[in-house]
Amino acid sequence: MKLYLIRHAEAGQHLDDPEQDSERALTEEGHEQARRLSAALQRLGVQLSAVLASPLLRARQTAEGILTAWKGTAPELRVCEELAPGGKRRKLARFLREQGGESVALVGHEPDLGELAAWLIGGKGANIDLAKA
């Protein structure tokens, strides 16, 4: 399975309250980043089986933006609780195995996605930082 790890696009100002923070929406620039990312993936010939997104609003909006700009039949969007900040990598890996598919995009958050990338390549000490979108 090919995995495309995508950090959510630019969102509004960070909020101290975790409950409110989960509802931070993308900025106009963030929506544009998602559209550009969609175009770039398609230009590279990426064929996605599915797009899995964190349940947080900014990640869902990023995934929706990618799929809205997708030409032709867009892959299915699924919300994945394990992509929320603090999600468990092993549970995410199990979820991915159950979902199947050849190429899957994961839309989530830092530092979790960077830590997932390090874990996937067997480099626990690796410091991988993903830029937005």
Side-chain angles (χ1 to χ4, degrees):
M1 174 184 291
K2 292 181 184 176
L3 294 177
Y4 295 86
L5 305 182
I6 301 170
R7 183 180 178 187
H8 66 79
E10 182 180 297
Q13 189 172 16
H14 182 51
L15 304 172
D16 292 329
D17 180 358
E19 281 192 29
Q20 289 181 345
D21 187 62
S22 68
E23 293 304 311
R24 275 195 303 135
L26 294 184
T27 62
E28 282 304 314
E29 174 60 23
H31 286 289
E32 182 57 32
Q33 287 173 334
R35 286 189 289 273
R36 288 192 311 258
L37 178 56
S38 181
L41 289 170
Q42 292 174 85
R43 199 170 40 253
L44 293 170
V46 173
Q47 298 291 320
L48 295 172
S49 307
V51 176
L52 305 180
S54 157
L56 277 64
L57 180 60
R58 56 193 177 273
R60 291 192 331 262
Q61 286 181 326
T62 301
E64 289 165 357
I66 292 168
L67 297 178
T68 298
W70 203 264
K71 300 204 184 328
T73 305
E76 181 183 357
L77 172 60
R78 300 180 203 140
V79 173
C80 176
E81 295 294 327
E82 295 309 323
L83 285 170
K88 304 294 184 207
R89 291 185 296 258
R90 290 188 190 282
K91 286 185 179 181
L92 176 59
R94 189 174 321 117
F95 182 81
L96 288 169
R97 282 192 301 273
E98 291 168 359
Q99 300 303 302
E102 192 170 312
S103 294
V104 178
L106 305 178
V107 183
H109 312 271
E110 275 295 296
D112 299 84
L113 284 178
E115 292 169 358
L116 173 64
W119 182 71
L120 289 169
I121 63 171
K124 291 180 185 177
N127 185 13
I128 300 172
D129 185 29
L130 302 174
K132 292 180 181 173

Backbone of Pro85 reached by a side-chain donor or acceptor of Asp112 within 3.5 Å:
no
Please collect all salt bridge (charged side-chain N to carboxylate O under 4.0 Å, His left out) contacts where either partner lies in residues 114-123, sequence neighbours excluded, each pair once.
none
Roughly how far apart are Met1 CE and Leu96 CG, rounded to 0.5 Å?
5.5 Å
So which pairs with a foot in residues 83-105 pass side chain to side chain donor-acceptor pair (under 3.5 Å), sequence neighbours left out?
Arg78-Gln99
Side-chain heavy-atom pair Ile6, Leu106 within 4.5 angstrom cut-off:
no
Donor-acceptor pairs are to be reported for all side-chain atoms of residues 126-133 against protein atoms at under 3.5 Å, with residues two or more places apart or in another chain.
none

With sequence neighbours left out, which residue pairs that include part of residues 113-133 fulfil the ring-ring contact (aromatic ring centres under 6.0 Å, His included) condition?
none
Which atom of Leu5 lies closest to which atom of Ala117, heavy atoms considered:
CD1-CB, 3.7 Å
Measure across Ser54 and Gly108 and return the closest heavy-atom pair with its distance rounded to 0.1 Å.
CB-CA, 4.3 Å
For residues 81-112, which residue pairs qualify under ring-ring contact (aromatic ring centres under 6.0 Å, His included), counting only residues two or more places apart or in two chains?
His8-His109
Which heavy atom of Gly12 sits nearest a heavy atom of Thr27, and at what distance?
N-CG2, 3.7 Å
Consider only side-chain heavy atoms of I, L, V, M, F, W and Y, link residues closer than 4.5 Å, and tell whether Val46 and Leu77 are in one cluster.
yes
Here the pair of heavy atoms bringing Ala84 nearest to Leu56 is CB-CD1, 4.1 Å
Do Leu3 and Leu41 share a hydrophobic cluster (ILVMFWY, side-chain heavy atoms under 4.5 Å, transitive)?
no
If you define the side chain from C-beta out and look only at heavy atoms, does anything of Val51 sit under 4.5 Å from Val104?
no
For a quick test of your reading: what N or O donor-acceptor pairs under 3.5 Å do the side chains of residues 61-73 make, sequence neighbours left out?
residue	atom	partner	partner atom	Å
Gln61	OE1	Leu26	N	2.7
Thr62	OG1	Ala9	N	2.9
Thr62	OG1	Arg58	O	2.8
Thr68	OG1	Glu64	O	2.7

Using side-chain heavy atoms (C-beta onward) and a distance below 4.5 Å, is Leu57 in contact with Ser22?
no
Do any pairs count as a side chain to side chain donor-acceptor pair (under 3.5 Å) and have a residue in residues 34-50, sequence neighbours left out, and if so which ones?
Glu29-Arg36, Glu32-Arg35, Ser38-Gln42
CG-CG distance between Leu92 and Leu52, expressed to the nearest 0.5 angstrom:
7.5 Å
